[in-house]
Number of protein chains: 2
Amino acid sequence: MDMLIHGRAYEQTDRGPRFKPCAPNSVLARLGDKWTILVMSHLAVATGHRLRFSALKNGIEGITQRMLTLTVRNLERDGLLTRHYFPEVPPRVEYELTEMGASMLPALEGFTSWIKDNWPRIAEHREAYDERQT
Amino acid sequence: MDMLIHGRAYEQTDRGPRFKPCAPNSVLARLGDKWTILVMSHLAVATGHRLRFSALKNGIEGITQRMLTLTVRNLERDGLLTRHYFPEVPPRVEYELTEMGASMLPALEGFTSWIKDNWPRIAEHREAYDERQT
DNA sequence: CGGTATCCAGGGCGATACTG
DNA sequence: CAGTATCGCCCTGGATACCG
């Protein structure tokens, strides 16, 4: 059994604790990619947590068909949303947050609200830092 | 003034709300990179939220000098930690979470604890999904 | 000790064209 | 409408060598 600090596995070494490469990172890496949060946010506020492909595409400025497809595929792979395919002509596809996907929203919300509160200071810091380099 | 849904800016279009590319993503992109969370976690549990370069390096399995340098530089740029340089021989450098950096910990903790709780299910989903593709 | 500088491989992402 | 297929750029991140 691993020892845990703040929910992350680590091992004791002679020089102190050493964290192991962690699962949280693999999930945050998904959320940190270019489009995932925007897709999740859109589904979060949609009625029934459910939207069709074209609604997502129109709702997210700048996303291409290819990137939207890849993004929802990855979310589907993680079990955070399900894909509903209706073989009509023209075809219709709807994406819906799973129970697990919806259960992530409060944590996501906690994080984005922190970011919202602190974003101005972060942007200031970046600007000041970049200026110092020139 | 932008309208907001869940703290994210959007504009009304004739087909419904459209989110704009968002600041949260730019911050989560940092956290989602390969090493940032591990660095933050280490500083989070360190006494005084403060560690020297070599301690971070030894504490994070697999990180290279170059990547640790880049990671702490980016965090410093965002104002989440400060760099303390001591011009001794050999030189010593310590990194310390700023107040803002420390204020991020609860939100980070909320997220990682959700991930910890749900990681087994996510891993299952990924495995099942990948199997279906073969 | 705590960095830079340089080189390189792989993957993320965009643009575009085609399809059931 | 909701995708695939293909191409190509750029950026992340690893390996290695050198420096104050």
Side-chain angles (χ1 to χ4, degrees), chain A residues 15-16 21-22 25-39 42-43 50-78 81-96 129-130 132-133, chain B residues 15-16 21-22 25-39 42-43 50-78 81-96 129-130 132-133:
Chain A
R15 309 205 211 180
C22 59
N25 186 70
S26 124
V27 177
L28 279 166
R30 279 260 63 78
L31 293 165
D33 73 8
K34 192 159 180 186
W35 302 109
T36 299
I37 292 183
L38 288 166
V39 169
H42 252 272
L43 288 170
R50 189 164 173 151
L51 287 172
R52 55 187 300 179
F53 187 88
S54 51
L56 283 168
K57 177 142 176 28
N58 291 322
I60 299 173
E61 190 176 331
I63 196 169
T64 61
Q65 225 164 32
R66 172 183 139 83
M67 288 316 297
L68 179 54
T69 302
L70 289 175
T71 302
V72 291
R73 285 290 182 284
N74 279 320
L75 287 170
E76 189 191 7
R77 176 171 179 261
D78 286 359
L81 58 75
T82 49
R83 180 176 183 271
H84 302 280
Y85 175 71
F86 303 91
E88 312 161 355
V89 273
R92 175 168 52 104
V93 177
E94 294 180 355
Y95 293 95
E96 183 189 15
Y129 184 94
D130 292 346
R132 253 175 273 133
Q133 306 310 309
Chain B
R15 311 204 210 182
C22 58
N25 185 70
S26 123
V27 178
L28 279 166
R30 279 261 63 79
L31 292 166
D33 74 8
K34 195 160 181 187
W35 302 108
T36 298
I37 293 182
L38 288 167
V39 169
H42 253 271
L43 288 170
R50 189 163 176 152
L51 287 172
R52 57 189 298 182
F53 187 89
S54 52
L56 284 168
K57 178 143 176 28
N58 290 322
I60 299 173
E61 190 174 331
I63 198 169
T64 61
Q65 224 165 33
R66 172 182 138 84
M67 289 315 297
L68 179 54
T69 301
L70 288 175
T71 302
V72 291
R73 286 289 183 283
N74 279 320
L75 287 170
E76 189 191 8
R77 176 171 180 261
D78 286 358
L81 57 74
T82 48
R83 180 175 183 269
H84 302 280
Y85 174 70
F86 302 91
E88 312 162 353
V89 272
R92 174 168 53 104
V93 175
E94 294 181 356
Y95 293 95
E96 182 188 16
Y129 184 94
D130 293 345
R132 253 175 272 133
Q133 306 310 310

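Lettering follows sequence order; numbering is per chain, from 1.
- Taking the side chain of B/Gln65 as heavy atoms from C-beta on, and the options D/dG14, D/dT4, C/dG2, the nearest nucleotide is C/dG2.
- For the pair A/Asp130/B/Arg77, a side-chain contact is recorded, criterion being any heavy-atom separation below 4.5 Å from C-beta on.
- Taking atom CG of B/Leu51 as the reference point, atom P of C/dC1 lies 16 Å away to the nearest angstrom.
- For B/Val93, the side-chain atoms get nearest to C/dG3 when compared with the rest of C/dG14, C/dG3, D/dT4.
- The CZ-P distance, from A/Arg52 to D/dG3, rounds to 10 Å in whole Å.
- A/Phe53 places a side-chain heavy atom less than 4.5 Å from the side chain of A/Thr69.
- Residue A/Lys57 comes nearest to A/Leu68 through the heavy atom pair N-CD2, 3.6 Å, listed as atom of the first residue, atom of the second, then distance.
- A/Lys34 is not listed as a side-chain neighbour of A/Ile63, based on a closest heavy-atom distance of 4.5 Å or more.
- The side chain of B/Ser54 places an N or O atom within less than 4.0 Å of a non-bridging phosphate oxygen (OP1 or OP2) of C/dG2.
- When the nucleotides D/dC1, C/dT4, D/dA15 are ranked by their closest atom to the side chain of B/Thr64, D/dA15 comes out on top.
- Rounded to whole Å, the distance from CZ on B/Phe53 to C1' on C/dG3 is 7 Å.
- Side chain of B/Asp33, nearest nucleotide from D/dC1, D/dG13, C/dG3: D/dG13.
- Note: CZ (B/Arg83) to P (C/dG2) measures 10 Å, nearest angstrom.
- Residue B/Arg30 is the one, among B/Arg30 and B/Pro91, whose nearest nucleotide of DNA chain D lies closer to the 5' end (criterion: closest heavy atom).
- Residue B/Tyr95 is classed as a sugar-phosphate contact, given heavy-atom separations below 4.0 Å to backbone atoms only.
- Contact between the side-chain N/O atoms of B/Arg92 and the OP1/OP2 oxygens of C/dG3 is not found at any separation under 4.0 Å.
- Note: CD1 (A/Ile60) to C1' (C/dG14) measures 16 Å, nearest angstrom.
- Considering only side-chain N and O atoms, B/Arg73 lies nowhere under 4.0 angstrom from the phosphate OP1 or OP2 of C/dG2.
- In terms of heavy atoms, B/Arg30 sits closest to B/Asn74 at NH2-ND2, 3.1 Å.
- Distances shorter than 4.0 Å separate some side-chain N or O of A/Lys34 from OP1 or OP2 on C/dG14.
- One can place CE of A/Met67 at 15 Å from C1' of D/dC7, the figure rounded to the nearest angstrom.
- Between the side chain of B/Arg66 and the base of D/dG13 there is at least one donor-acceptor pair of N/O atoms closer than 3.5 Å.
- When side chains are defined from C-beta on, A/Glu76 does not count as touching A/Val72, because their heavy atoms never get closer than 4.5 Å.
- B/Leu68 places its CG atom 16 Å from the C1' atom of D/dT12, with the value rounded to the nearest Å.
- Not one side-chain nitrogen or oxygen of B/Tyr85 sits closer than 4.0 Å to the OP1 or OP2 atom of D/dG20.
- Along DNA chain C, the nucleotide nearest A/Ile63 and the nucleotide nearest B/Thr69 are compared for position; the residue whose nucleotide lies closer to the 5' end is B/Thr69.
- The nearest whole Å value for the distance from the CG atom in A/Leu70 to the C1' atom in C/dG11 is 12 Å.
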